[in-house]
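Worksheet: the structure to be examined is printed underneath.
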Number of protein chains: 2
Amino acid sequence: MEFAKNQQNSWYENKEQVLVAVDCIIFGFDNETLKLLVFKREIQPLKGSWSLIGSFIRQNENANQAGLRILKDITGLENIFMEELKTYSAVDRDPGARCISIGQYALIRIDENNKELVNKHGAFWFSLDELPELVLDHNQMVKDALDRLREKARFSPVGFELLPKYFTLPQIQTLYEQIFQKRLDSRNFRKKLLSLNFLKKTEIKDKSSSKKGAYLYEFDYEKETDQSFIFKG
Amino acid sequence: MEFAKNQQNSWYENKEQVLVAVDCIIFGFDNETLKLLVFKREIQPLKGSWSLIGSFIRQNENANQAGLRILKDITGLENIFMEELKTYSAVDRDPGARCISIGQYALIRIDENNKELVNKHGAFWFSLDELPELVLDHNQMVKDALDRLREKARFSPVGFELLPKYFTLPQIQTLYEQIFQKRLDSRNFRKKLLSLNFLKKTEIKDKSSSKKGAYLYEFDYEKETDQSFIFKG
DNA sequence: TCAAAAGTGTTCCGACTACACCCATGT
DNA sequence: ACATGGGTGTAGTCGGAACACTTTTGA
């Protein structure tokens with residue numbers, strides 16, 4: 001860099017600044033339905049309404065770090081799958097101030113560990129078809145995130161972040177049926193999934209949802225490839 | 001809205017604001033190669049280096065409007081295909097100040113009309129393989145935009161925005177060869193393209209690049225569908 | 001023994017791939 | 001007449017889609 005360090009922050013001095021928020025669209029799966037984590041907004045305006053979880057971005061973090069910070073605060077989890085969705089920058093989107101929001105969506109496992117922490121923050125898991133009205137443009141964000149998730153699931157093996165370490169094939173199928181909102185043929189689904197060779201079978205059966213029991217599998221990250229993975233949406 | 005209008009801008013008063021820029025990754029096609037519009041940066045720091053075209057976002061416009069404003073200033077064009085790429089928010093990405101940039105990519109036709117205006121602004125079209133070093137993280141933006149363009153071109157008939165109203169099949173093929181950086185089989189390409197039924201053939205031949213001449217087609221927006229359009233990338 | 005979920009194989013068809021020659025025309 | 005680019009058809013292969021019965025086991 002060819003310019004003096006003490007020039008910092010002076011070049012752009014007369015430019016207008018705006019607030020930048022990060023809002024998190026957090027998906028979870030409880031082995032039955034795809035859910036979304038929303039909470040009671042804690043700040044004015046619109047305090048007390050249902051809202052996505054968000055925060056203003058801080059000077060010392062980038063957008064992804066901000067999202068992960070929020071997620072850790074609420075769920076206690078680190079190493080979460082989180083990706084940028086898009087920005088929301090309509091001039092009047094937030095009546096509190098001119099504020100641009102960067103939507104980030106995350107996929108996490110719903111399990112006992114984090115339920116407690118989540119409740120403590122006034123957060124709740126809602127089924128996607130029972131989602132309440134959210135503040136500002138947050139319903140749009142959810143819609144966009146779902147579209148993105150579907151699109152992504154068609155072409156890459158996404159969604160394993162929503163499952164526990166060991167899972168059964170019927171479990172993944174239910175997950176994909178939730179994502180695509182349609183029934184899938186189990187023979188074709190299993191054939192396709194297993195042909196991709198990134199699942200490791202164990203000899204353990206999970207009998208929690210049937211008498212016969214279903215074999216547990218785990219994701220083999222070594223073998224994950226980018227081969228296309230096309231399911232009809 | 002349940003709160004008093006005069007509360008505006010007071011709710012978030014103690015929050016830190018940041019600068020938000022929009023940077024435009026502008027692709028063009030001259031019937032031979034895919035090009036990118038870059039220009040000499042006009043402001044400090046790094047004044048005079050090659051840079052994408054950008055601007056700080058204004059209070060009365062959203063990110064897309066900001067991008068279109070920039071594009072109109074430089075090229076004189078309106079109604080341009082422009083889409084958000086992603087945001088760039090690394091803390092130190094801009095030595096001038098903490099500044100988050102929203103990358104937007106655009107596809108435009110290179111023709112005589114706008115060449116003049118472009119030159120007047122110190123802007124130049126570079127072939128993608130002769131691209132100079134750009135300031136900040138702009139080379140990364142270009143790389144990301146190219147990846148996005150390829151991804152998009154695989155699944156939807158994007159790229160027609162880069163062609164004139166009337167174009168020949170060899171012309172589109174060259175465009176796709178540029179996007180994918182590989183040769184395509186003309187028989188398969190034409191078969192696939194025509195089977196999608198969104199091209200209207202005219203009886204006029206363009207003889208500018210061969211003696212025999214190639215029929216001109218136009219895009220039939222009525223018939224554009226979302227049917228998949230898969231080319232190997 | 002029965003109910004409930006897990007697991008498995010085959011056929012059909014559409015779509016992508018590879019591949020080579022004739023056509024029209026200006027020079 | 002010839003060089004240059006435009007235009008066309010076919011056979012093979014792969015993968016997705018449709019489809020129904022057997023297996024296991026707890027109650």
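What you see is a predicted model; the values in this text were computed from it and never measured.
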* Given DNA chain D, 5'-ward residue of the pair Tyr217(B) and Lys211(B), judged by closest heavy atom ->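 Going by which nucleotide is closer to the 5' end, it is Lys211(B).
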Measure [atom1]/[X] against [atom2]/[N] and give the value in whole Å, please.
X: Tyr215(B); N: dG6(D); atom1: OH; atom2: P; value: 13 Å
X: Lys205(B); N: dC23(C); atom1: NZ; atom2: P; value: 13 Å
X: Leu216(A); N: dA6(C); atom1: CG; atom2: P; value: 12 Å
X: Asp206(A); N: dA5(C); atom1: CG; atom2: C1'; value: 12 Å
X: Phe189(A); N: dG7(C); atom1: CZ; atom2: P; value: 13 Å
X: Gln173(A); N: dT8(C); atom1: CD; atom2: C1'; value: 13 Å
X: Leu193(A); N: dG7(C); atom1: CG; atom2: C1'; value: 14 Å
X: Leu169(A); N: dT23(D); atom1: CG; atom2: C1'; value: 16 Å

* Distance (rounded to the nearest 0.5 Å) between Lys192(B) NZ and Leu184(B) CG ->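 The distance works out to 13.0 Å.
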* To do: Output the distance between atom NE2 (His138(A)) and atom CH2 (Trp50(A)), rounded to the nearest 0.5 Å.
  =>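 It is 14.5 Å, given to the nearest 0.5 Å.
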* Asked: Taking the side chain of Arg187(B) as its heavy atoms from C-beta onward, which of dA5(C), dG9(D), dT8(C) lies nearest to it?
  -> dG9(D)
* Structure fact -> Looking only at dT8(D), dT25(D), dG6(D), the nucleotide nearest the Lys207(A) side chain is dT25(D)
* Ignoring hydrogens and angles, are the base of dA6(C) and the side chain of Lys212(A) linked by a donor-acceptor pair under 3.5 Å? ->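 Such a pair exists between side chain and base.
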Look at the side-chain N and O atoms of [X] and state whether any lies under 4.0 Å from the OP1 or OP2 oxygen of [N].
X: Lys191(A); N: dT8(C); answer: no
X: Arg190(A); N: dG7(C); answer: yes
X: Lys192(B); N: dC16(C); answer: yes

* Asked: If each of Asn188(A) and Ala214(A) is mapped to the nucleotide of DNA chain C with the nearest heavy atom, which maps nearer the 5' terminus, i.e. the 5' end?
  ->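 Closer to the 5' end of DNA chain C: Ala214(A).
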* To do: For Thr168(B), report the nucleic acid contact type (base, sugar-phosphate, nothing); a contact means any heavy atom under 4.0 Å.
  => nothing
* To do: Examine Lys86(A) relative to Tyr88(A) and say whether NZ or CZ is less than 6.0 Å from the centre of the six-membered ring and inside a 45° cone about the ring axis.
  => yes
* **Stepwise ring pair (Phe, Tyr, Trp, His ring centres under 6.0 Å) check, Phe39(A) with Phe124(A)** => CA-CA 6 Å; Phe39(A) 84 145; Phe124(A) 296 90; 9.8 Å; no
* **side-chain contact (heavy atoms from CB on, under 4.5 Å) assessment of Ser51(B) paired with Leu134(B)** => CA-CA 5 Å; Ser51(B) 165; Leu134(B) 305 178; 5.8 Å; no
